[in-house]
Chemist: 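Could you have a look at this structure, given as structure tokens, before my questions?
Atoms considered below: every heavy atom in the structure, side chains included; atoms not considered: hydrogens, waters and symmetry mates.
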Amino acid sequence: MSRQSPLITVMVKAARAAGRGLARDFGEVENLQVSKKGPGDFVTNADHRAEDVIYNELSRARPGYGFVMEERGVVEGTDKTNRFIVDPLDGTLNFMHGIPHFAISIGHEREGELHAGVVYDVIRGDIYWAERGHGAWLENWRLKVATRIKLTDAVLATGTPYVGHAPERHQLFWSELAHLTQETSGIRRFGAAALDLAYVAAGRFDGFWERNLKPWDIAAGIVLVREAGGIVQELDGGEILKTGNILATNASLAPKISAKLATAKSKLPS
């Protein structure tokens with residue numbers, strides 16, 4: 001069993017505090033105010049309340065740290081070496097429709113490198129946490145990525161582009177999905193990238209890929225997968241937090257999935 005560091009303790013406390021409000025709002029979801037940020041991209045007043053709680057908790061515990069937050073945006077801190085990357089409600093569409101699969105994601109970046117992450121599955125009460133060099137954990141259980149080596153045995157997760165996104169993005173997704181569906185045991189789409197990555201770290205999914213995600217969607221999950229012994233890479237060789245194009249899996253499956261995704265991309269009309 002690993003003891004949580006003071007940093008992880010602070011992040012877990014903030015996630016649990018915000019989670020209490022989300023659980024309460026989930027029980028009254030029909031009364032929530034909803035606005036639209038873009039095509040298929042919604043925000044509720046529950047998102048804002050949860051983000052306020054996380055911001056206030058972390059600011060008190062770590063004054064001077066900067067923030068990158070889904071709703072609040074970039075908040076510069078006096079401490080330029082540390083910042084939190086926060087999604088107060090990953091899986092907003094699930095939340096809005098009464099589907100009990102959503103999470104709070106808090107990543108921590110130190111000197112430009114992802115250092116720690118907490119993903120809180122609010123409804124199940126599960127806290128996934130990881131810190132660089134200290135492993136990945138579900139509460140007090142050590143996490144390890146799955147060890148399957150055959151793509152035909154693997155279950156992968158992904159996410160679909162929003163309605164209104166460029167047609168080329170949809171074409172690429174359907175090509176990728178077609179190529180991987182033929183080669184795997186199954187593909188799952190659960191609608192919360194932070195939990196998808198936590199499930200990869202826990203060995204439940206053998207891999208996860210998606211494009212055009214935001215830093216707050218994936219920062220915490222990247223740390224979880226890496227500390228659970230997995231591989232996280234950018235799909236086209238860029239910087240993951242800038243492009244949001246991510247593949248997370250184990251070392252055996254990474255080249256096989258990458259090859260299938262590359263083939264899918266090559267089959268699109270130029």
Chemist: Heavy atoms, side chains only, cut-off 4.5 Å: are Val75 and Phe84 in contact?
Modeler: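 Counting from C-beta outward, Val75 and Phe84 never come under 4.5 Å.
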Chemist: side-chain contact (heavy atoms from CB on, under 4.5 Å), that's the test. Do Glu113 and Arg132 meet it? Break it down for me.
Modeler: CA-CA 10 Å; Glu113 299 289 336; Arg132 196 169 183 175; 3.4 Å; yes
Chemist: Is there a side-chain contact (heavy atoms from CB on, under 4.5 Å) between Asp79 and Arg62? Walk through the geometry before answering.
Modeler: CA-CA 10 Å; Asp79 181 345; Arg62 292 294 186 272; over 6 Å; no
Chemist: Within 45° of the axis and under 6.0 Å from the centre of the six-membered ring of Phe67, does NZ or CZ of Arg72 qualify?
Modeler: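 Not flagged: Arg72 not positioned over aromatic ring of Phe67.
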Chemist: So, does Glu234 use its side chain to make a donor-acceptor pair with the main chain of Asp236 at under 3.5 Å?
Modeler: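 Checked: pair present.
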Chemist: Knowing that exactly one of Glu183, Glu176, Gln182 qualifies, which makes a side chain to side chain contact (heavy atoms under 4.5 Å, CB included) with Lys260?
Modeler: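 Testing Lys260 for a side chain to side chain contact (heavy atoms under 4.5 Å, CB included) against Glu183, Glu176, Gln182 leaves exactly one candidate, Glu183.
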Chemist: Is it true that a side-chain atom of Ser175 and a backbone atom of Gln171 form a donor plus acceptor pair closer than 3.5 Å?
Modeler: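 No: the side chain of Ser175 does not pair with the backbone of Gln171.
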Chemist: Any idea which heavy atoms bring Ser258 and Gln233 closest together, and the distance?
Modeler: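 Heavy atoms only, the tightest pair is OG-NE2, 2.7 Å.
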Chemist: Could you check whether any side-chain heavy atom of Leu89 comes within less than 4.5 Å of a side-chain heavy atom of Phe26, counting everything from C-beta outward?
Modeler: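 No - every pair of side-chain heavy atoms lies 4.5 Å or more apart.
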Chemist: Check whether Glu70 reaches the backbone of Val86 with its side chain - one donor and one acceptor, N or O, closer than 3.5 Å.
Modeler: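 Side chain of Glu70 to backbone of Val86: no pair is present.
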Chemist: Take atom NZ in Lys256; do more than 12 heavy atoms of anything else shown fall under 6.0 Å from it?
Modeler: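 More than 12 within 6.0 Å, yes.
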Chemist: Within the side chain of Glu51, is there an N or O that forms a donor-acceptor pair under 3.5 Å with the backbone of Glu71?
Modeler: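 At least one qualifying donor-acceptor pair exists.
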Chemist: Output, in order, the C-alpha distance, side-chain angles, deciding distance and verdict of side-chain contact (heavy atoms from CB on, under 4.5 Å) for Leu241 and Glu109.
Modeler: CA-CA 11 Å; Leu241 291 186; Glu109 189 179 69; 3.9 Å; yes
Chemist: Do Trp129 and Met11 make a side-chain contact, defined as non-hydrogen atoms from C-beta onward lying under 4.5 Å apart?
Modeler: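 A side-chain contact under 4.5 Å is absent here.
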Chemist: May I ask you to decide if Ala194's main-chain N or O and Asp90's side chain share a donor-acceptor pair within less than 3.5 Å?
Modeler: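 Yes.
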Chemist: Starting at CZ of Phe95, measure out to NE2 of His101 and round the result to the nearest 0.5 Å.
Modeler: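 Phe95 CZ to His101 NE2: 14.5 Å, rounded to 0.5 Å.
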Chemist: Roughly how far, to the nearest 0.5 Å, is OG1 of Thr158 from CD1 of Ile246?
Modeler: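 If I round to the nearest 0.5 Å, the distance is 11.0 Å.
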Chemist: At what distance, to the nearest 0.5 angstrom, does CG of Leu268 lie from CH2 of Trp174?
Modeler: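 If I round to the nearest 0.5 Å, the distance is 13.5 Å.
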Chemist: Pair Trp209, Leu180 - check side-chain contact (heavy atoms from CB on, under 4.5 Å), show working.
Modeler: CA-CA 11 Å; Trp209 93 96; Leu180 281 169; 3.6 Å; yes
Chemist: Using a strict cut-off of less than 4.0 Å between a Lys/Arg side-chain nitrogen and an Asp/Glu carboxylate oxygen, indicate whether Arg148 and Asp206 qualify as a salt bridge.
Modeler: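 Salt bridge: yes.
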Chemist: For Thr92 and Asp47, test the side chains for any donor-to-acceptor distance below 3.5 angstrom and give the result as yes or no.
Modeler: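 Checked: Thr92/Asp47 side chains pair up, N/O donor to acceptor below 3.5 Å.
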Chemist: What are the two closest heavy atoms between Ala103 and Val119, and how far apart are they?
Modeler: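 Taking every non-hydrogen atom into account, CB-CG1, 4.0 Å.
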Chemist: Check for me, please, whether Leu213 and Ile222 land in the same ILVMFWY cluster - side-chain distances under 4.5 Å, paths through other members count.
Modeler: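 Linked, Leu213 and Ile222 end up in one cluster.
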Chemist: Scan side-chain atoms only and decide if Glu131 and His115 contain a donor-acceptor pair under the 3.5 Å cut-off.
Modeler: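 On atom types as modelled, these side chains qualify, holding a pair under 3.5 Å.
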Chemist: Heavy-atom distance under 4.5 Å between the side chains of Gln4 and Trp137, does that happen here?
Modeler: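 No - every pair of side-chain heavy atoms lies 4.5 Å or more apart.
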Chemist: With the side chain counted from C-beta on, respond yes when Ile106 and Glu57 share a heavy-atom pair under 4.5 Å apart, and no when they do not.
Modeler: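 The answer is no, as the side chains (C-beta and beyond) never meet within the 4.5 Å cut-off.
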Chemist: Treating Thr184 as the side-chain partner and Leu151 as the backbone partner, does any N or O pair qualify as donor plus acceptor under 3.5 Å?
Modeler: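 Checking the backbone N and O of Leu151 against the side chain of Thr184, no donor-acceptor pair under 3.5 Å is found.
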Chemist: Out of curiosity, Leu7 CG to Asn82 CG, how far, rounded to the nearest 0.5 Å?
Modeler: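 Rounded to the nearest 0.5 Å, the CG-CG separation comes out at 8.0 Å.
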Chemist: Say whether Ile104 and Leu58 are linked into one hydrophobic cluster, either directly or through other cluster members, by side-chain heavy-atom distances under 4.5 angstrom.
Modeler: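 Linked within one cluster.
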Chemist: Quick one, Val232 and Leu197 - any side-chain contact, counting heavy atoms below 4.5 Å?
Modeler: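 Not in contact.
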Chemist: Is a side-chain donor-acceptor pair under 3.5 Å present for Arg169 with Asn212?
Modeler: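 Yes - a donor-acceptor pair under 3.5 Å links their side chains.
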Chemist: Over all heavy atoms of both residues, which pair between Leu224 and Ala201 is shortest? Give the atoms and the distance, please.
Modeler: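 Answer, listing the atom of Leu224 first, then Ala201: O-CB, 3.7 Å.
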Chemist: Do you know which two heavy atoms are closest between Ala154 and Leu253, and how far apart they sit?
Modeler: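 Looks like CB-CD1, 4.0 Å.
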Chemist: Within the supplied structure, the quantity of interest is the number of heavy atoms (other residues, nucleotides, ligands) at a distance under 6.0 Å from Lys80 NZ; does it exceed 12?
Modeler: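 Yes - once you tally the heavy atoms of other residues, nucleotides and ligands closer than 6.0 Å, there are more than 12.
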Chemist: If I take atom CG from residue Leu172 and atom NZ from residue Lys265, how far apart are they, to the nearest 0.5 angstrom?
Modeler: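 One finds 6.5 Å between CG of Leu172 and NZ of Lys265.
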Chemist: Is a donor on one side and an acceptor on the other found under 3.5 Å between the side chain of Asp87 and the backbone of Ser105?
Modeler: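 No, because the side chain of Asp87 does not come within donor-acceptor range (under 3.5 Å) of the backbone of Ser105.
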Chemist: Would a single hydrophobic cluster contain both Val200 and Leu143, if residues Ile, Leu, Val, Met, Phe, Trp and Tyr are joined by side-chain heavy-atom contacts under 4.5 Å?
Modeler: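 Same hydrophobic cluster.
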Chemist: So Asp121 and Arg124, salt bridge (charged side-chain N to carboxylate O under 4.0 Å, His left out) or not? Walk me through it.
Modeler: CA-CA 6 Å; Asp121 184 334; Arg124 296 175 184 85; 2.8 Å; yes
Chemist: Which atom names give the shortest non-hydrogen contact between Val155 and Ser185, and what distance separates them?
Modeler: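 In terms of heavy atoms, the two residues are closest at CG2-CB, 4.2 Å.
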Chemist: Find out whether Leu22 and Ile123 are in side-chain contact, i.e. whether some heavy atom of one side chain is under 4.5 Å from a heavy atom of the other.
Modeler: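 No, every pair of side-chain atoms sits at 4.5 Å or beyond.
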Chemist: How long is the span from the CE atom in Met69 to the CG atom in Asp52, to the nearest 0.5 Å?
Modeler: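 Here the rounded value is 8.0 Å.
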Chemist: If you group Ile, Leu, Val, Met, Phe, Trp and Tyr by side-chain heavy-atom gaps below 4.5 Å, do Tyr120 and Tyr199 land in one group?
Modeler: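 No.
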Chemist: If you look at every heavy atom in Ala50 and Ala18, which pair is closest and at what distance?
Modeler: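 Heavy atoms only, the tightest pair is O-CB, 3.7 Å.
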Chemist: Verify the neighbour count for atom CZ of Arg16: are there more than 12 heavy atoms of other residues, nucleotides or ligands below 6.0 Å?
Modeler: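 Enclosed.
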Chemist: When hydrophobic residues are tied together by side-chain contacts of less than 4.5 Å, even through go-betweens, does Phe208 share a cluster with Val223?
Modeler: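 Yes; tracing contacts between hydrophobic side chains, which count when under 4.5 Å, links both residues.
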Chemist: Using a 4.5 Å cut-off on heavy atoms from C-beta on, say whether the side chain of Phe190 contacts that of Leu195.
Modeler: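 No - every pair of side-chain heavy atoms lies 4.5 Å or more apart.
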